[in-house]
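Note that this is a predicted model, so its numbers are computed, not measured. Just so you know, ligand 1 is whichever comes first in the structure, and atom 1 is the first atom listed for that ligand.
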Amino acid sequence: MNIREVQDEIIRLKKEKDICILAHSYQAREILEVADFTGDSYALSKMAKTAPNKTVIMCGVRFMAETVKMLSPEKKVILSNGIAGCPMAEQFDKEIISQMKEMYPDYTVVAYINTTAELKTVCDVCVTSSSAVQIVNQIENKNILFIPDCNLGAFVAKSCPEKNIKLLQGGCPVHANVTRKHAENAKALHPNAELLVHPECQPQVTELADYVGSTLGIMNYAKKSDKKEFIIGTENSIAEHLQYECPDKKFYLLSKSLICENMKSTTLIDVLNCCKGEGGEEIELSPETIEKAVKCINKMIELGG
Ligand code: 13P
Ligand code: SF4
């Protein structure tokens, strides 16, 4: 079978079996092409709540599939490849954060959505990279414990100076690897290009950027901009997708090491196997975990608009 034939078979099976395919923007182009919805974590969470289908296949990483399951417990939710986790989501466990809550009882615990369902059970509200500033601004409490990403947390703290934000030393190993030197070199190499970066990058990198935003935010900014050249400071797939969608513009990589192996672990054949009912991993969460953890996801949707 060639790629086109595999895609046609996936599309046929989707209709036959009432399947919705959600794909994060970091997925390969051939997967985005067969998805019903694509986007950043926030857009996918909202979509998960409204998709009418009985089965959802999440092409992304585990916490994204768990979010779908929490929002639609009656649906069968399949993670496209069971090895696709997000290392940041595993950095802190429920016990550590529960202890911190005892140490700081007057703090609101704000969790980046890149956390496990288990950890979300002890958090107050979730945020994504696109909604974090808006949501933190709306929290009445001045004291915020922001977990786990200290780079996104620092970006939020800079944008919400009236808040007292406590950070932990967590973060995305892929984005945190980008240095100021990478940004300076890329800017020197492409002096006419705008630098667009994800807030998971270090503050030394985001402070050099022309735009800081989520994966979808970066894509929308580049598409709408009158500028012709852009350095892309997030997973390298985004530069590739933009190059297809905007052939009259030029997209450069901020660093060749901006590759998320977890996001890349899903193949088109994995998606086909999930549609056949033969692959992926069905997400199972206990009713107690869902009941507690979904509260902070619902709060995010309520405050994020
Ligand atoms: P977005 O919310 O921008 O999609 O980010 C998710 C992610 O994991 C980025 O590394
Ligand atoms: Fe997790 Fe980083 Fe991969 Fe995003 S890019 S899924 S934060 S490891």
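- From the protein, the heavy atom lying nearest to atom 4 (O) of ligand 1 is His24 NE2, 2.6 Å.
- Protein heavy atom closest to atom 3 (Fe) of ligand 2, with residue, atom name and distance, is Cys260 SG, 2.4 Å.
- Between the side chains of Ser129 and Tyr42, no donor-acceptor pair of N or O atoms lies under 3.5 Å.
- Below 4.0 Å from some heavy atom of Asn114 lie the following atoms of ligand 2, by number and element: 7 (S).
- Not close to ligand 1: Met263, with no non-hydrogen atom less than 4.0 angstrom away.
- The protein heavy-atom contact nearest to atom 8 (S) of ligand 2 is Pro87 CD, 3.4 Å.
- Classification of Lys250 and Glu229 as a salt-bridged pair fails, no side-chain N sitting under 4.0 Å from a carboxylate O.
- Close approach of ligand 1 to Asp40 is summarised as follows: ligand atoms under 4.0 Å from at least one heavy atom of the residue are 1 (P), 2 (O), 3 (O), 4 (O).
- Heavy-atom proximity to Met88, at under 4.0 Å, picks out these atoms of ligand 2: 7 (S).
- For the residue pair Glu30 / Gln7, no side-chain donor-acceptor distance below 3.5 Å is found, with atom types taken as modelled.
- Interface of Ser214 with ligand 1, defined as ligand atoms under 4.0 Å from a residue heavy atom, comprises 3 (O).
- Side-chain atoms of Thr116 and Glu118 include no donor-acceptor pair closer than 3.5 Å.
- Using a 4.0 Å cut-off between charged side-chain N and carboxylate O, Asp124 and Lys299 make no salt bridge.
- Residues Ser41 and Thr128 have side chains that never bring a donor and an acceptor to within less than 3.5 angstrom of each other.
- Below 30°, between 30° and 60°, or above 60°: for His175 and His198 the angle between ring planes is between 30° and 60°, a tilted geometry.
- Remark: ligand 1 atoms within the under-4.0 Å shell around heavy atoms of Tyr26 are 9 (C), 10 (O).
- Looking only at protein heavy atoms, the nearest one to atom 5 (O) of ligand 1 is His198 NE2, 3.3 Å.
- Here Arg12 pairs with Glu9 in a salt bridge; the nearest charged N to carboxylate O distance falls below 4.0 Å.
- Looking at atom 10 (O) of ligand 1, its nearest protein heavy atom turns out to be Glu200 OE1, 2.9 Å.
- The nearest heavy-atom contact from the protein to atom 2 (Fe) of ligand 2 is Cys172 SG, 2.3 Å.
- Using a 4.0 Å cut-off between heavy atoms, Glu200 contacts ligand 2 through its side chain alone, with no backbone atom that close.
- Scanning the protein for heavy atoms near atom 6 (C) of ligand 1, the closest one is Ser41 OG, 3.3 Å.
- In the vicinity of Ser129, heavy-atom distances shorter than 4.0 Å reach the ligand 1 atoms 1 (P), 2 (O), 3 (O).
- A donor atom on one side chain and an acceptor atom on the other are not found under 3.5 Å apart for Asp210 and Tyr221.
- Around NZ of Lys187, the count of heavy atoms belonging to other residues, nucleotides or ligands within 6.0 Å exceeds 12.
- Heavy-atom contacts from other residues, nucleotides or ligands closer than 6.0 Å to CD of Glu16 number more than 12.
- For atom 1 (Fe) of ligand 2, the closest non-hydrogen atom of the protein is Cys86 SG, 2.4 Å.
- Close approach of ligand 1 to Asn114 is summarised as follows: ligand atoms under 4.0 Å from at least one heavy atom of the residue are 7 (C), 8 (O).
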